[in-house]
Amino acid sequence: MSSPIVTRFAPSPTGHLHIGGARTALFCWAFAKRHGGRFMIRIEDTDQARSSEASARGILSDLAWLGIHWNDGPRLDLGGGVVLGEQSRAVGPYFQAQRRDIYDAYIEHLFAMGRAYPAFETNEELEALRKAAAAKKQTFKYPRPADVKFGEAPAARIARAKAGEPHVVRFVMPDTPVIVTDEVLGEVKYAAGEVDDFVIRKADGFPTYHFAVVIDDELMGVTHIMRGQEHLNNTPRHVALQQALTRLKDDRDATKGSTGARFRTPLYAHMPLIFNMDGSKMSKRDKDKAAREAVKKAGIKDAATLGVSAISDGQFNDWMGDPTRQLPGEVLGQVARRVKINLPEIEVEDFKKAGYLPEVINNFLSLLGWSPGGDVEKFDMAFLASHFDLARIGKTNARFDRVKLLAFNTDAVTTMPVERFADRFRAWCADYAAPLAALPGPLFTMLCTAVQPRCKTFKDAADQAAFLLVDDAALTLDPKSVEKHLRADNGAGLGVVREVVAALKALPSFEPATIHAAIEAFAASKGLAGQLGKIAQPLRVALTGGTVSPPIDLTIALLGRERALGRLERALG
RNA sequence: GGCCCCGUCGUCUAGCGGCUAGGACGCGACCCUUUCAAGGUUGAGGUGCGGGUUCGAUUCCCGCCGGGGUCACCA
């Protein structure tokens, strides 16, 4: 049996899942599915200071929400009997921090082969060397110490290290060119000496990314590595490592010797990057940037004016004055509401909160740097899983067009069966709009029929329901709308409202159809058959305070007899 | 700056020596309309520049220009 195709997505748990990471995961997933292979998740938590368990959990659940399910990796119970990672191959653990004994064994192995050595320079010393190089306009490359020889075990250095001297471990790069073969970019050649002796184990004993990734991909049977182009220049390091290494008989004990089997070099496919529309990197800092600009534009100059309790004056000034400063997500959300902006979505969770459909996000994402060819543009996960191929991955960076994403989402959300919309919208409301989720079933269903045809996202749908949620007594009418639709023409609008109230009161039931018929009859009696707007707009203003709401009959029915009539009469004064 | 990658409408892209250079989002116009959306019809809009190769270049080669990535004890 030929070995199966194995792809992996290997996030470092230092934050939320970035939308670009989601695309990488999606492509890895699709490629594995396409070839009947396995998709694996590995958590690269070798940075002690920045990694967190919570972040890993968040990333996992974001992936699950997107429908990017893994065969191998951490266990995640999705409920309903679905448990991701349950059927994993026995190649774990999937958290690198739990694999240190393996990395250490392979470091010993490299020592023995004369392909790694302890290095004792301090950070400060290295920094000084870098500065000196920069001053001479040269690129800094770590100079291999004179006593280190390719292929010779560095006994003296190892003794110093064993004696407890602080050190890192560096890899002995070969003095030959390294050729990287990439499935999308072709052959990329790096001249000998271009890459210096990089660190493979940090002073804290944890492996660096370069080392852990190579060991794990080999041990875990990864056959295809798909990642962003920002990793292209890392690849010669990985290839050099693969060429230097052979498998240990016992992955946790170098003293038992090597099997002599060389490490494989997986197939690489580097994908184009995704940027903002203005060409800048998509960064979570963009959210702070947008909020900061809105605050500035609103002329808010101190914390008191901003009026977000979690922000003190000092914090306000720090945040406004430092483009790198970030507010906690919740606080940032409050600021955004205060200055009435939507924060740009950067992380998967942002899109979820904004009410985007996961299948739409996947569809849209798969068009960034990949294309099924021809005019095909709208498709689902099943299509991706059966059509995705490396040959169609592009080489040019893409810009993330939120407007187009929104158009895709609008299409999906407005064309699905209303029952489905109701189910999914309710699930969304449970997380992000509790008062709506609490609506009685029939009312919620009616709300869906009213709102689905004209919403772009679930958030949008929820916003359109705001008139329903506000207390009748707290409803404020927009002055401009009142002027235009109620008071103008000597109160023509008010007259309409008055007469409609009478007609409505006479109605035996308050079903949308009944209301609709009543309003049409009223329009006909007024000779306004073709211009329902003359009737609907005054009612809308009186009922909702503004000029935009679902169709007027539904707006009335949604409020119900008592509230609708109450609001209308209140508007009449 | 060194090294590396890239270059089709504003944006995402199709094209893999011969096409009126196609689609989608956005934009304009018109239609529909009970507000706002959505929808329908329709229009404008692109091969970065210069050399080659070829009967013929969007497509192949070179140079230029432009954009991006990377130069950590972060991944």
Side-chain angles (χ1 to χ4, degrees), chain A residues 10-14 44-47 49-51 119 121-123 126-127 130 134 136-141 166-170 180 182 184-186 188-191 194-196 198-204 206-210 212-213 228-236 270 272-273 275 277 279 281 364 367-378 392 394-408 410-411 414-415 452-456 460 464 481 485 516 519-520 523 530-537 539-541 544 546-553 555:
Chain A
S12 73
T14 55
E44 311 222 325
D45 54 351
T46 55
D47 183 333
R50 298 199 302 152
S51 296
E121 292 80 7
T122 63
N123 253 321
L126 290 174
E127 203 41 58
R130 281 196 193 92
K136 284 188 283 183
K137 292 194 171 179
Q138 284 170 356
T139 307
F140 172 76
K141 291 201 184 86
H167 66 282
V168 299
V169 175
R170 287 178 183 270
V180 172
D182 185 89
V184 350
L185 266 14
V188 184
K189 185 174 172 183
Y190 294 85
E194 196 55 55
V195 180
D196 63 8
F198 56 98
V199 174
I200 57 178
R201 188 171 68 194
K202 300 178 265 187
D204 66 4
F206 280 81
T208 60
Y209 159 72
H210 300 301
V213 92
Q229 261 176 35
E230 76 266 22
H231 283 295
L232 182 61
N233 291 331
N234 289 151
T235 313
H270 287 94
L273 272 16
F275 294 95
M277 284 304 275
K281 256 188 197 176
F364 182 72
L367 260 14
L368 264 28
W370 184 77
S371 155
D375 293 343
V376 182
E377 203 171 45
K378 297 265 176 83
R392 300 199 65 88
K395 302 178 182 185
T396 68
N397 293 337
R399 295 184 185 214
F400 192 90
D401 187 349
R402 285 194 178 71
V403 179
K404 181 162 178 172
L405 201 218
L406 188 61
F408 272 41
T410 303
D411 179 56
T414 56
T415 58
Q452 186 197 6
R454 49 185 37 73
C455 72
K456 297 169 187 283
D460 190 20
Q464 289 179 39
S481 305
H485 297 287
H516 183 78
I519 290 181
E520 285 217 312
Q531 345 174 25
L532 273 182
K534 286 254 178 10
I535 295 164
Q537 286 309 80
L539 290 173
R540 216 176 315 260
V541 174
T544 71
T547 56
V548 180
S549 85
I552 200 63
D553 44 359
T555 300

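Note on naming: letters A, B, ... go to the chains in the order of the sequence lines (proteins, then strands), and numbering restarts at 1 for each one.
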Output a table of nitrogen or oxygen pairs between the protein and nucleotides 12-14 of chain B separated by less than 3.5 Å.
{"residue": "B:C12", "atom": "OP1", "partner": "A:Arg399", "partner atom": "N", "Å": "3.1"}
{"residue": "B:C12", "atom": "O2'", "partner": "A:Leu367", "partner atom": "O", "Å": "3.0"}
{"residue": "B:C12", "atom": "O2", "partner": "A:Lys404", "partner atom": "NZ", "Å": "3.3"}
{"residue": "B:U13", "atom": "OP1", "partner": "A:Gly369", "partner atom": "N", "Å": "2.5"}
{"residue": "B:A14", "atom": "O3'", "partner": "A:Arg392", "partner atom": "NH2", "Å": "3.2"}
{"residue": "B:A14", "atom": "O2'", "partner": "A:Gly374", "partner atom": "N", "Å": "3.4"}

Which whole number of Å gives the distance between the [atom1] atom of [N] and that of [M]?
{"N": "B:G26", "M": "B:U11", "atom1": "C1'", "answer": "8 Å"}
{"N": "B:G23", "M": "B:U41", "atom1": "P", "answer": "13 Å"}
{"N": "B:C27", "M": "B:C61", "atom1": "P", "answer": "39 Å"}
{"N": "B:U8", "M": "B:A24", "atom1": "C1'", "answer": "15 Å"}

Under 4.0 Å, heavy atoms only, any strand: does [X] hit a base, just the sugar-phosphate, or nothing?
{"X": "A:Val403", "answer": "sugar-phosphate"}
{"X": "A:His485", "answer": "nothing"}
{"X": "A:Thr14", "answer": "nothing"}
{"X": "A:Glu121", "answer": "base"}
{"X": "A:Tyr190", "answer": "sugar-phosphate"}
{"X": "A:His516", "answer": "base"}
{"X": "A:Asp460", "answer": "nothing"}
{"X": "A:Leu405", "answer": "nothing"}
{"X": "A:Arg130", "answer": "sugar-phosphate"}
{"X": "A:Ile552", "answer": "base"}
{"X": "A:His270", "answer": "nothing"}
{"X": "A:Lys281", "answer": "sugar-phosphate"}
{"X": "A:Ala203", "answer": "base"}

Going by purine N1 to pyrimidine N3 plus the second Watson-Crick contact, or the G-U wobble pair, all under 3.5 Å, which nucleotide sits opposite [N]?
{"N": "B:A29", "result": "B:U41"}
{"N": "B:C49", "result": "B:G63"}
{"N": "B:U11", "result": "B:A24"}
{"N": "B:G1", "result": "B:C71"}

Nucleotide [N], atom [atom2] - distance to [atom1] of [X] in whole Å:
{"X": "A:Leu406", "N": "B:A38", "atom1": "CG", "atom2": "C1'", "answer": "12 Å"}
{"X": "A:Asn233", "N": "B:A75", "atom1": "CG", "atom2": "P", "answer": "17 Å"}
{"X": "A:Phe275", "N": "B:C5", "atom1": "CZ", "atom2": "P", "answer": "16 Å"}

Are there over 12 heavy-atom neighbours, none belonging to A:Lys189, within less than 6.0 Å of that residue's NZ?
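Not buried by this count: 12 neighbours or fewer within 6.0 Å.
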Counting only heavy atoms not in A:Lys534, do more than 12 fall under 6.0 Å of its NZ?
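Result for NZ/A:Lys534: open.
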With sequence neighbours excluded, what pairs up with [X] under the side-chain hydrogen bond (donor to acceptor under 3.5 Å, both in side chains) test?
{"X": "A:Tyr209", "answer": "A:Arg227, A:His231"}
{"X": "A:Asp182", "answer": "A:His270"}
{"X": "A:Glu520", "answer": "none"}
{"X": "A:Gln138", "answer": "none"}

Are any of [X]'s side-chain N or O atoms less than 4.0 Å away from OP1 or OP2 of [N]?
{"X": "A:Lys456", "N": "B:A38", "result": "yes"}
{"X": "A:Lys395", "N": "B:C6", "result": "yes"}
{"X": "A:Lys202", "N": "B:C74", "result": "yes"}
{"X": "A:Thr139", "N": "B:C3", "result": "no"}

Close N/O contacts between protein and nucleotides 59-63 of chain B (under 3.5 Å):
none

Nearest-nucleotide comparison on RNA chain B, the residue closer to the 5′ end among A:Pro207 and A:Val184
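Result of the comparison: A:Val184.
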For RNA chain B, whose closest nucleotide is more 5', that of A:Leu185 or that of A:Thr414?
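Comparing both residues, the 5'-ward one is A:Leu185.
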Quick one: ring-ring contact (aromatic ring centres under 6.0 Å, His included) partners of A:His210, sequence neighbours excluded?
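Listed in chain order: A:Phe198, A:His238.
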Protein N or O to nucleotides 43-45 of chain B N or O, pairs below 3.5 Å:
none

Side chain to side chain contact (heavy atoms under 4.5 Å, CB included) against A:Thr415, all qualifying residues, sequence neighbours excluded:
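Checked A:Thr415 against side chain to side chain contact (heavy atoms under 4.5 Å, CB included); matches are A:Asp411.
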Please identify each residue that fulfils side chain to side chain contact (heavy atoms under 4.5 Å, CB included) with A:Ser371, with sequence neighbours left out.
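A:Arg392.
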Measure the shortest side-chain to side-chain distance between A:Asp47 and A:Phe206 over non-hydrogen atoms and say whether it is less than 4.5 angstrom.
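A side-chain contact is absent here, since even the closest heavy-atom pair is not under 4.5 Å.
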Taking the side chain as everything from C-beta on, heavy atoms only, tell me whether A:Thr396 gets closer than 4.5 Å to A:Pro272.
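Side chain of A:Thr396 against side chain of A:Pro272, heavy atoms only: no contact under 4.5 Å found.
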Contacts table for residues 397-404 of chain A: side-chain donor-acceptor under 3.5 angstrom, sequence neighbours left out:
{"residue": "A:Asn397", "atom": "OD1", "partner": "A:Leu273", "partner atom": "N", "Å": "2.9"}
{"residue": "A:Arg399", "atom": "NH1", "partner": "A:Met277", "partner atom": "O", "Å": "2.8"}
{"residue": "A:Asp401", "atom": "OD1", "partner": "A:Val403", "partner atom": "N", "Å": "3.1"}
{"residue": "A:Asp401", "atom": "OD1", "partner": "A:Lys404", "partner atom": "N", "Å": "3.4"}
{"residue": "A:Arg402", "atom": "NE", "partner": "A:Glu345", "partner atom": "OE1", "Å": "3.0"}
{"residue": "A:Arg402", "atom": "NH2", "partner": "A:Glu345", "partner atom": "O", "Å": "2.4"}
{"residue": "A:Lys404", "atom": "NZ", "partner": "A:Glu377", "partner atom": "OE2", "Å": "2.9"}

Test your reading of the model: is there a side-chain donor-acceptor pair from A:Arg540 to the backbone of A:Pro550, 3.5 Å cut-off?
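Here the side-chain-to-backbone pair exists.
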Answer yes or no: is there a donor N or O on one side and an acceptor on the other, between the side chain of A:Thr208 and the main chain of A:Val199, under 3.5 Å?
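Yes; judged by distance alone, with no hydrogens or angles, the pair exists.
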Listed pairs, N/O of protein and of nucleotides 39-42 of chain B, under 3.5 Å:
none

Ignoring hydrogens and angles, are the base of B:U35 and the side chain of A:Arg454 linked by a donor-acceptor pair under 3.5 Å?
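Check passes, donor-acceptor contact within cut-off.
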